[in-house]
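Let me begin by presenting the structure, written as structure tokens, before commenting on it.
All values derive from a computational prediction rather than experimental measurement.
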Amino acid sequence: MKNTVTILRERLFSIIRRLVEEPERYARKPGRDFTRKRTLTPAVLIHLILAMGEKSVWKGLLGYFRRRIDTPSASAFVQQRQKLLPSALEDLFHRFSDHLRPQKKFWGYRLLAAVDGSSLKSGAYPADKDAYRPGTGRQHSWNLFHINALFDLENGIYADVIVQKEHTKHQSRALRERAVRSVITDPVIVLADRNYEAYNNLACLEKHG
């Protein structure tokens with residue numbers, strides 16, 4: 001069956017519903033967070049995080065709740081979001097990717113490109129020293145994160161991703177981490193640039209098949 005937009009969307013929503021059946025698993029304080037009935041449930045939080053894009057928090061909330069009188073405030077959203085562990089989104093990514101069941105191969109091999117160099121800016125948070133970058137002159141300060149991804153070239157999907165902080169990023173280490181935790185059983189060819197050329201990487205890939 002071909003993956004249409006409607007099918008993929010419904011599959012994503014279904015995975016989110018199953019994911020939050022055990023909210024304590026993704027709560028920063030299990031037994032306390034997400035125990036009271038609120039409008040911003042874990043499922044709604046994840047929907048908002050995925051769909052809000054570059055809008056302000058308030059505009060994103062107004063759009064999602066269709067400008068209802070009981071639309072939660074931006075402050076309420078931030079407070080609820082702080083209760084949700086990042087592992088919720090990591091698990092969602094892997095469960096959704098696993099459901100895609102890639103079929104296309106290159107002579108029997110999956111072609112995975114090690115994609116690096118993608119950076120993600122966020123608002124300035126000086127307490128996070130590993131990601132914080134002070135501004136210079138007229139430039140505002142910000143926090144910077146580095147995205148390391150494995151992209152399936154034949155199927156056009158991401159197989160894995162690791163986000164590192166700017167001052168502690170290490171592309172080779174990220175590649176090895178993805179090799180260790182990979183559940184791919186098909187033969188794989190990994191394509192990467194010169195930053196990954198290291199005996200440690202080759203030995204790790206060989207050891208984990």
With a 4.5 Å limit on heavy-atom distance, are the side chains of E24 and E22 in contact?
yes

Counting distance only, does the side-chain N/O of N155 pair as donor-acceptor with the main-chain N or O of K104 below 3.5 Å?
yes

Where R173 and K169 come nearest, the two heavy atoms and their spacing
NH2-C, 4.5 Å

Under a 4.5 Å cut-off applied to non-hydrogen side-chain atoms, are K121 and R133 in contact?
no

F96 CZ: over 12 foreign heavy atoms closer than 6.0 Å:
yes

Please answer: with hydrophobic residues joined when any side-chain heavy atoms are less than 4.5 Å apart, are L144 and V161 in the same cluster?
no

Heavy-atom count around R66 CZ within 6.0 Å, excluding the residue itself: above 12?
no

What's the verdict on side-chain contact (heavy atoms from CB on, under 4.5 Å) for D91 and R25, showing C-alpha distance, side-chain angles and the deciding distance?
CA-CA 11 Å; D91 284 0; R25 183 177 176 184; 3.8 Å; yes

What pair of heavy atoms forms the shortest contact from V20 to P42, and how long is it?
CG1-CB, 3.7 Å

Should the heavy atoms of other residues, nucleotides or ligands under 6.0 Å from CZ of F93 be counted, would the total exceed 12?
yes

Report the C-alpha separation of F145 and K165 in whole Å, then their side-chain angles, then the decisive distance to 0.1 Å, and conclude whether the side-chain contact (heavy atoms from CB on, under 4.5 Å) test is met.
CA-CA 5 Å; F145 300 87; K165 297 180 180 181; 3.9 Å; yes

Rounded to the nearest 0.5 Å, what separates atom CZ in R176 from atom CD1 in I162?
10.5 Å

Are side-chain heavy atoms of L12 and I16 found at a separation under 4.5 Å?
yes

Is E206 atom CD crowded by more than 12 heavy atoms from other residues, nucleotides or ligands, each under 6.0 Å away?
no

Any donor-acceptor N/O pair, R110 side chain to E154 backbone, under 3.5 Å
no

Measure the shortest side-chain to side-chain distance between I46 and L84 over non-hydrogen atoms and say whether it is less than 4.5 angstrom.
yes

Is there a path of hydrophobic side-chain contacts, each under 4.5 Å between heavy atoms of I/L/V/M/F/W/Y residues, joining V78 to M52?
yes

Between T71 and T39, is there a side-chain heavy-atom distance shorter than 4.5 Å?
no

Could you state the interatomic distance from CG (D33) to CD (Q80), rounded to the nearest 0.5 Å?
8.0 Å

Would you call R178 and N148 a side-chain contact if the rule is heavy atoms closer than 4.5 Å?
yes

Quick one: OG1 on T4 to CZ on R11, what's the gap to the nearest 0.5 Å?
9.0 Å

Measure the NE2-OG1 distance between H146 and T168 for me, rounded to the nearest 0.5 Å.
11.0 Å

Taking every heavy atom of P30 against every heavy atom of A27, the minimum-distance pair comes out as CD-O, 3.6 Å

Considering only heavy atoms from C-beta outward, does the side chain of L111 approach that of L191 to under 4.5 Å?
yes

Return the CG to OH distance between D186 and Y109, rounded to the nearest 0.5 Å.
11.5 Å

Quick one: does D152's side chain have a donor or acceptor within less than 3.5 Å of a partner on A159's backbone?
no

Give the cluster check for L50 versus V5: same hydrophobic cluster or not, with ILVMFWY residues linked at side-chain heavy-atom distances below 4.5 Å.
no

To the nearest 0.5 Å, atom CG of L205 lies from atom CD1 of I189 at 12.5 Å

Heavy-atom count check: over 12 atoms from other residues, nucleotides or ligands less than 6.0 Å from R32 CZ?
no

Is there side-chain contact between Q79 and R38, with heavy atoms separated by less than 4.5 Å?
no

side-chain contact (heavy atoms from CB on, under 4.5 Å) for F77 and L40? Distances and angles first, verdict last.
CA-CA 7 Å; F77 170 80; L40 292 171; 4.1 Å; yes

Which pair of heavy atoms, one from P72 and one from F65, lies closest together, and at what distance?
CD-CE1, 3.5 Å

Membership question, hydrophobic clusters at under 4.5 Å side-chain separation (ILVMFWY): are L100 and L92 in the same one?
yes

Can you give me the closest heavy-atom contact between S122 and W142, atom names plus distance?
O-CB, 3.5 Å

Using the rule side-chain contact (heavy atoms from CB on, under 4.5 Å), only one of N200, N201, V180, D160 pairs with L175; which is it?
N201

Within the distance-only criterion (no hydrogens, no angle test), does the side chain of R28 pair as donor or acceptor with the backbone N or O of Q82 below 3.5 angstrom?
yes

Considering non-hydrogen atoms only, spot the tightest contact between Y158 and S97 and give its length.
O-OG, 3.4 Å

Do R18 and S14 have a side chain donor and acceptor closer than 3.5 Å?
yes

Using atom types as modelled and distance alone, determine if a side-chain donor or acceptor of Q164 lies under 3.5 Å from a backbone N or O of H170.
yes

Are V163 and Y26 linked, directly or through other ILVMFWY residues, by side chains that come within less than 4.5 angstrom of each other?
no

For the residue pair F13 and H47, is the inter-centroid distance of their aromatic rings smaller than 6.0 Å?
yes

